[in-house]
Peer 1: 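I have a structure here, written as structure tokens, and I will follow up with some questions on it.
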There are 2 protein chains.
Amino acid sequence: MSLREEILDVSKELLLKHGFSKMSMRKIAKKANVTATSIYLHFKNKDDLLLALVEESIAKLNLVLRNSLDESVSPVAQLESLADAYVDYALENPQEYEIIYMVRPEEMPKYPREKFQQVRQIYELLAGIIRKGQEQQLFDVEDPLVSAYTLWAQIHGVVSVILGKRLDTRIPNERFLSLAKDHIIQGFIIQKTPA
Amino acid sequence: MSLREEILDVSKELLLKHGFSKMSMRKIAKKANVTATSIYLHFKNKDDLLLALVEESIAKLNLVLRNSLDESVSPVAQLESLADAYVDYALENPQEYEIIYMVRPEEMPKYPREKFQQVRQIYELLAGIIRKGQEQQLFDVEDPLVSAYTLWAQIHGVVSVILGKRLDTRIPNERFLSLAKDHIIQGFIIQKTPA
DNA sequence: GCTGTGAACTTAACAGTGTTAACCAACGGT
DNA sequence: ACCGTTGGTTAACACTGTTAAGTTCACAGC
């Protein structure tokens with residue numbers, strides 16, 4: 001295993017265990033039996049290292065979602081199972097999920113555009129399903145891509161309430177998640193109401 | 001103005017201008033013409049100081065939302081105007097809004113429960129409106145409080161996509177926000193579809 | 001076989017961080 | 001006149017990210 005990968009591994013371990021601020025270059029170095037400065041031969045700086053971890057996590061999420069997809073069922077069912085897969089992944093790998101949102105594009109000015117390809121792929125996937133549902137007159141949407149972003153935003157919002165432990169203690173997580181999913185999906189399907 | 005308030009003021013200024021990590025105790029102190037250690041006479045530590053800022057921001061959001069409320073219109077319209085007010089506030093005071101989500105309850109073990117009163121108040125406000133809509137057979141909800149959390153989560157998700165500059169550059173912010181609001185509200189109102 | 005070059009790595013240091021212990025000076029109550 | 005509290009200080013500790021300079025070492029060209 002190259003030193004670069006070694007560094008990525010131990011960084012991730014520290015990041016998941018203690019959070020970004022506690023993951024220091026020196027600690028990473030020590031765990032990799034190397035000096036802190038060596039890390040700078042493989043990564044521009046700490047942010048750059050974080051970025052590499054973000055990439056990994058996005059790729060993993062991408063994979064999970066694709067694997068959960070069954071194209072033979074109805075678009076509504078596809079959306080539901082994707083939402084489930086997303087939530088499950090986030091709750092089972094909370095820190096890993098949160099890595100994805102640790103860095104914001106604006107703060108990474110010269111971040112190569114292709115690196116966002118992975119996440120864009122997911123949006124295209126969602127948009128595709130929504131488009132199919134739209135054609136079958138199941139979904140009430142104006143623009144599938146915009147709706148894909150909306151869908152993801154909503155699910156992320158719901159997930160982050162749980163992960164941030166911000167949910168009212170009187171409400172069980174599962175109940176919240178289940179009702180939230182209903183609301184979200186409901187918001188996309190066609191309204192048959194006459195007026 | 002007491003030193004405590006002075007510290008809060010300059011802290012906020014630094015926080016908004018450069019972010020949490022760049023807001024250092026020494027810089028705050030210098031700006032307040034005082035030594036760094038003096039801050040510890042008024043705040044337990046840096047987190048505690050941040051917490052005080054969070055409180056301020058939540059109180060402000062609370063105020064904004066309440067002021068935007070017109071109880072004479074229909075629950076649907078009330079929800080819509082609340083959503084608008086929330087989004088407007090977040091977009092006009094982005095950093096201030098983000099302060100609210102900077103600290104997570106789990107990491108503040110001994111954080112006094114009453115401090116969360118302000119945000120709980122907002123949830124109760126939302127739940128009240130939803131409950132009224134439920135009684136008038138306008139909303140399709142099981143539990144108003146759960147739905148209130150869902151609603152907030154969804155809106156926060158949408159807002160944070162914008163603030164995190166994660167929206168596809170091909171999509172204008174306003175279009176996304178407007179469609180997202182439609183989807184969210186849609187998810188709450190009753191479905192007249194027969195089966 | 002010798003030399004030169006470049007990569008991988010280290011040591012030492014800089015400037016800055018949060019935080020604490022010890023001290024001091026002024027004020028109100030007794 | 002003393003005493004305790006309040007609000008401030010200085011000096012220091014143990015860290016942090018980052019860089020400049022130096023070292024070791026494998027391998028290519030002659």
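Keep in mind that the numbers below use all heavy atoms, side chains included, and drop hydrogens, waters and symmetry copies. Throughout, a chain's letter reflects where its sequence line sits, starting with A, and its residues are numbered from 1.
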Peer 1: Write down the distance between CG (D48(A)) and C1' (dG17(D)), rounded to a whole number of angstrom.
Peer 2: 14 Å

Peer 1: For the pair made of CD1 in I28(B) and P in dG16(C), what is the distance, rounded to whole Å?
Peer 2: 16 Å

Peer 1: Less than 4.0 angstrom between a side-chain N/O of T37(A) and OP1 or OP2 of dT11(C), yes or no?
Peer 2: no

Peer 1: With the side chain of K46(B) defined as its heavy atoms from C-beta on, choose the nearest nucleotide among dT10(C), dT18(D), dT19(C).
Peer 2: dT19(C)

Peer 1: Roughly, in whole Å, what's the span from NZ in K22(B) to C1' in dT18(D)?
Peer 2: 11 Å

Peer 1: Side chain of S24(B) only, please: which of dC9(C), dT9(D), dG18(C) is the nearest?
Peer 2: dG18(C)

Peer 1: Respond yes when some side-chain nitrogen or oxygen of K27(A) is under 4.0 Å from OP1 or OP2 of dC15(D), and no when none is.
Peer 2: no

Peer 1: Would you call the rings of H183(B) and F188(A) parallel, tilted or perpendicular if under 30° counts as parallel and over 60° as perpendicular?
Peer 2: parallel

Peer 1: Parallel, tilted or perpendicular, judged at 30° and 60°: which one describes the rings of H156(B) and Y101(B)?
Peer 2: parallel

Peer 1: Check for me whether K60(A) meets the cation-pi criterion with Y89(A), that is, NZ or CZ under 6.0 Å from the six-membered ring centre and within 45 degrees of the ring axis.
Peer 2: no

Peer 1: Could you check how far NZ of K30(A) sits from P of dT10(C), rounded to whole Å?
Peer 2: 13 Å

Peer 1: Do the side-chain N or O atoms of K44(B) get closer than 4.0 angstrom to the phosphate oxygens (OP1, OP2) of dT19(C)?
Peer 2: no

Peer 1: What integer distance in Å separates L41(A):CG from dT24(D):P?
Peer 2: 17 Å

Peer 1: Closer to the 5' end of DNA chain D via nearest nucleotide, is it S21(A) or L3(B)?
Peer 2: L3(B)

Peer 1: If only side-chain N and O atoms of S38(B) are considered, is one of them under 4.0 Å from the OP1 or OP2 phosphate oxygen of dG8(D)?
Peer 2: no

Peer 1: Among dG7(D), dC9(C), dT16(D), which nucleotide sits nearest the side chain of R26(A)?
Peer 2: dT16(D)

Peer 1: What is the separation between atom CE on M23(A) and atom C1' on dG17(D), rounded to the nearest whole Å?
Peer 2: 12 Å

Peer 1: In whole Å, I'd like the distance from the OH atom of Y40(A) to the P atom of dG22(D).
Peer 2: 21 Å

Peer 1: Side-chain N or O of H42(B) versus OP1/OP2 of dG8(D): is the shortest distance under 4.0 Å?
Peer 2: yes

Peer 1: Flag the pair E6(A) and K31(A) as a salt bridge only when some basic side-chain nitrogen lies within less than 4.0 angstrom of an acidic carboxylate oxygen.
Peer 2: no

Peer 1: Just the rounded figure in Å: distance from P of dC9(C) to CE of M25(A).
Peer 2: 15 Å

Peer 1: Atom CG in N93(B), atom CD in Q95(B): separation rounded to 0.5 Å?
Peer 2: 8.5 Å

